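Note sheet for the following structure.
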2 protein chains.
Amino acid sequence: MHPNLIEYIKRYVSITEAEIAIFQTYLHSKKIKKKEFLLKEGQFCKSRYFIIKGCVRLFHFDNKGNEQIIHFGIDNWWITEYESLINQIPSQLNIQAVENTELLELPEAYFDELCEKVPIIERLFRKIMEKTYIAIQKRIEYIYSLSGEEQFRFFIDANPEFTQRVPQYMIASYLGMSPEFVSKVKAKIK
Amino acid sequence: MHPNLIEYIKRYVSITEAEIAIFQTYLHSKKIKKKEFLLKEGQFCKSRYFIIKGCVRLFHFDNKGNEQIIHFGIDNWWITEYESLINQIPSQLNIQAVENTELLELPEAYFDELCEKVPIIERLFRKIMEKTYIAIQKRIEYIYSLSGEEQFRFFIDANPEFTQRVPQYMIASYLGMSPEFVSKVKAKIK
DNA sequence: TACATTTCTTAATCATGATTAAGTTTTTTT
DNA sequence: AAAAAAACTTAATCATGATTAAGAAATGTA
């Protein structure tokens, strides 16, 4: 198994070499080029993906036809479209590579089987979900308590790596702001 | 075990009578009166709570000293403050009863033990978290794609029971709007 | 190197929804 | 039933950040 994933897992749970070996058999690696899609609107999402290296964005088109970025994924993040994956319905969202991206794919079809063989995996994903939930709840807190300018400053302070890797207009979209406004705030900061 | 919780569990996983019986031994019932606190800022959150009947709100005070409601919990919802519970840090949020509320308390101290005895519980909570995550991600989608007026209309259409049970200014706070604005929109609807 | 595409910037105007300030209605308490 | 407190309404003014429109800079491609 890729050392990044082993290290990631060990941040959440204790796991044996044998358990890792079994987990490994359920994963296969995948590479997508910049601008390629991992999932398109209307398709069924059938896997969870661990990003070894790269960056993807999860987005949809809002009622006015504007791209709205829901969130990003970068190195050492799990990413998937839960609504499609869990409810087995067509995805309303797209997952697209922002950079050339190297992933590990964990197909959902065998996920329950894996959890029965290696119950610690169930715990791992329960804990990942809890952390993810804490993060998204904080995001809502910031949306409501900070001004647009404060949100942008906070984002670049908290995620300096994104600022390098992701075009500014995508950060604007993620933060629900117009690119023009971000440009104005940026000019003010310098 | 309370029939509401049994029914709730069965929506997510298959569970035997024996497993329910074990789960039961980890729960104790609790009642809080309207305006009483389940958790106060600064305290450590040590349990997950299942609401049998009633309504609570999870809120904090923002930088301007305004109450900001993060979310509500009503009948047949699990509620807790995950950041405090998982990271074992003092809570930044309050949980307060909006109505007299009847709960089942599941202490976190024995949660891992319970999951080892009854592994299906780990799966149950993993699945609950996934559903919860889908819901909160949709909330972010609506925040960014709907106008304030649309968000309010959508909320009351999707949650007519809340409109009856929760004061209007709390719904305003949950939606990140001023009570005056909600009042204006409501007048427009009639 | 030149051309094309993508991304970013600047500035003017406009709209949504906050704030302020009264006043009214409803609910709770005495 | 009266008084007090809590919740809601209305209307005027104001601010944040969107929209529009144009152009500049950066990046990619022939």
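Worth knowing before you read on, the calculation uses all heavy atoms, side chains too, and leaves out hydrogens, waters and symmetry mates. Per chain, numbering begins at 1; letters A, B, ... match sequence-line order. Since we're looking at a predicted model, the values are computed, not measured.
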Hey, would you say the B/Tyr174 and B/Phe162 ring centroids sit under 6.0 Å apart? no
Please report, rounded to the nearest Å, how far the C1' atom of D/dA11 is from the NZ atom of B/Lys188. 15 Å
Enumerate the residues from residues 136-154 of chain A whose closest heavy atom to DNA chain C is under 4.0 Å, giving them by residue number; use none for an empty result. none
For B/Glu99 and C/dT28, give me the distance from atom CD to atom P, rounded to whole Å. 12 Å
Nearest-neighbour nucleotide for the A/Ser183 side chain, D/dC8, D/dT19, C/dC8 considered: C/dC8
Applying the salt bridge (Lys or Arg N to Asp or Glu O under 4.0 Å) criterion to B/Glu99, which one of B/Lys33, B/Lys53, B/Arg165 satisfies it? B/Arg165
In terms of the nearest nucleotide of DNA chain C, which residue is placed more toward the 5' end: B/Ser178 or A/Pro179? A/Pro179
Tell me the interatomic distance from B/Met170, atom CE, to D/dA6, atom P, rounded to whole angstroms. 12 Å
Both B/Lys34 and B/Met177 contact DNA chain C. Which one's nearest nucleotide lies toward the 5' end? B/Met177
What residues, two or more places apart in sequence or in another chain, satisfy side-chain contact (heavy atoms from CB on, under 4.5 Å) together with B/Lys46? B/Phe44
Can you measure B/Ile69 atom CD1 to D/dA7 atom C1' for me and round it to whole angstrom units? 13 Å
State yes or no: are the ring centers of A/Phe50 and A/Trp77 separated by less than 6.0 Å? no
Under 4.0 Å between a side-chain N/O of A/Lys186 and OP1 or OP2 of C/dT9, yes or no? yes
Assess the pair A/Phe111 and A/Phe125: is the distance between their ring centroids shorter than 6.0 Å? yes
What is the separation between atom CG on A/Asn66 and atom P on D/dG17, rounded to the nearest whole Å? 18 Å
Give the rounded distance in Å between these two atoms: CZ of A/Phe181 and C1' of C/dT16. 14 Å
Atom-to-atom span, NZ of A/Lys184 to P of D/dT16 - whole angstrom: 10 Å
Given D/dT9, C/dT7, D/dA18, the nucleotide with the shortest approach to the side chain of A/Pro167: C/dT7
When you check the phosphate oxygens OP1 and OP2 of D/dT9, does a side-chain N or O of B/Gln168 lie under 4.0 Å from one of them? yes
State, yes or no, whether a side-chain contact exists between A/Arg48 and A/Glu105 at a heavy-atom distance under 4.5 Å. no
Starting the side chain at C-beta, find the nucleotide from D/dA18, C/dA21, C/dA18 nearest to B/Glu180. C/dA21
Is it true that B/Tyr133 and A/Tyr133 have ring centroids separated by less than 6.0 Å? no
